[in-house]
Engineer: 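I have a structure I would like to understand better, so I am pasting it below and will then ask my questions one at a time.
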Amino acid sequence: MKKLLEEIKGASLAAVENAADLGALESIRINYLGKKGSLTAVLKQMGSLSAEERPLIGQLANDIRSKIEEAITQKAAELSEKLLEMRIISEKLDVTIPGTPVTIGKKHPMSIVLDEAIDIFTGMGFAVAEGPEVEFADYVFTKLNTAEGHPAREWQDTFYFTEDSSVLLRTQTSPVQVHVMETQKPPIRIISPGRVYRKDEVDATHSPMFHQIEGLVVDKGITMGDLKGTLNTLVQRLYGPDTKTRFRPHHFPFTEPSCEVDVQCFECRGEGCRVCKGEGWIELLGAGMVHPKVLEGCGIDTEVYSGFAFGVGLERMTMRRFKISDMRLLYENDIRFLSQF
Ligand code: PHE
């Protein structure tokens with residue numbers, strides 16, 4: 001039995017020495033010291049020994065057990081240290097490697113100009129109102145004094161949703177005027193930026209979808225002078241303090257009188273050039289005094305109140321502001337173009 005114990009000692013210590021990892025070490029412990037381990041099996045046979053032999057063999061077996069345990073503990077410590085070393089090597093962080101650059105996006109030029117315009121108008125006491133892009137013909141046309149038979153209501157100009165032409169993609173932001181006047185009492189001072197849609201072919205100055213900013217002021221004693229002052233403030237803040245405007249008579253069904261407003265050409269300062277097609281002026285917006293029929297249709301007393309309205313194209317404003325000659329550039333999402341602003 002002594003010989004057997006010595007054999008177990010030799011074999012187990014050699015196995016511990018060669019263990020490759022902590023898992024192998026654990027199976028060695030189970031194989032020798034576990035409930036069904038070989039050392040345990042030997043100890044179970046102690047009963048067959050003589051009374052003199054028993055304490056000697058018992059002593060030897062205990063010594064071997066603690067030797068093996070000691071060897072396992074030591075090897076385990078050695079292996080964990082090696083494991084840690086390997087992790088330190090494999091997880092090494094090289095702080096000198098250049099980082100991956102994060103490219104920061106930029107505001108779209110139209111967003112830049114819209115934010116500037118909102119800033120200018122809110123500075124003059126205007127609030128920002130919103131209205132739907134899918135709209136009733138009643139709001140786009142009828143309530144804006146644009147009766148059946150008006151060319152703007154033609155199928156070839158407009159995206160209708162229904163056979164009876166009662167629902168469409170709005171062709172202008174002016175219906176927001178009606179929504180606001182139906183729900184708010186004067187004094188009213190709002191702008192309303194948003195998308196509008198017309199059946200236009202795409203070219204350098206047209207797109208079937210574009211943006212307008214509508215403006216509406218209704219109060220006691222509002223005159224054409226207030227309209228001129230407001231719009232002059234807008235263009236001078238946008239394009240510089242010496243920017244000149246020109247108000248030309250025009251016609252819109254929902255304003256009376258109506259006008260179109262031009263700004264002096266940024267390229268030639270009024271001399272006439274290729275950009276303004278020899279005119280010296282560039283058309284910017286439509287405006288006028290709100291037609292009494294429109295005010296009254298919204299329940300506003302025209303004996304007490306008057307108002308002005310305007311609608312300005314955001315694409316046009318942006319193209320003037322950054323001297324962009326082709327509107328398509330604003331929609332093509334070419335980073336090389338957009339990152340210039
Ligand atoms: N809605 C008009 C257009 O799209 C512009 C406009 C707005 C004119 C408000 C007068 C008053 O051309």
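As the structure lists them, so they are numbered: ligands from 1, and atoms in each ligand from 1.
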Engineer: Counting distance only, does the side-chain N/O of Asn232 pair as donor-acceptor with the main-chain N or O of Gly229 below 3.5 Å?
Structural biologist: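 Flag not set: sc Asn232 to bb Gly229 has no pair under 3.5 Å.
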Engineer: Just one of Leu231, Val263, Leu234, Leu284 clears the side-chain contact (heavy atoms from CB on, under 4.5 Å) bar with Thr245, so which one?
Structural biologist: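 Going through Leu231, Val263, Leu234, Leu284 one by one, the side-chain contact (heavy atoms from CB on, under 4.5 Å) with Thr245 is satisfied by Val263 alone.
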Engineer: Should the ring pair Phe337 and Phe341 be called parallel, tilted or perpendicular, given that the plane angle runs from 0 to 90° and is split at 30 and 60?
Structural biologist: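 Phe337 vs Phe341 ring planes: perpendicular.
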Engineer: Apply salt bridge (Lys or Arg N to Asp or Glu O under 4.0 Å) to residues Arg328 and Asp326 and explain how you reach the verdict.
Structural biologist: CA-CA 6 Å; Arg328 286 167 288 201; Asp326 194 322; 2.9 Å; yes
Engineer: Strictly distance-based, threshold 3.5 Å: is any side-chain N or O of Tyr331 a donor or acceptor partner for the main-chain N or O of Met209?
Structural biologist: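 Flag set: sc Tyr331 to bb Met209 pair under 3.5 Å.
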Engineer: How are the rings of Tyr160 and Trp155 set to each other: parallel, tilted or perpendicular (split at 30° and 60°)?
Structural biologist: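 Geometry flag for Trp155 against Tyr160: tilted rings.
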Engineer: For ligand 1, what N or O to protein N or O distances fall under 3.5 Å?
Structural biologist:
from	atom 1	to	atom 2	distance (Å)
ligand 1	1 (N)	Gln172	OE1	2.8
ligand 1	1 (N)	Ser174	OG	2.9
ligand 1	4 (O)	Arg198	NH2	3.0
ligand 1	4 (O)	Gln212	NE2	2.9

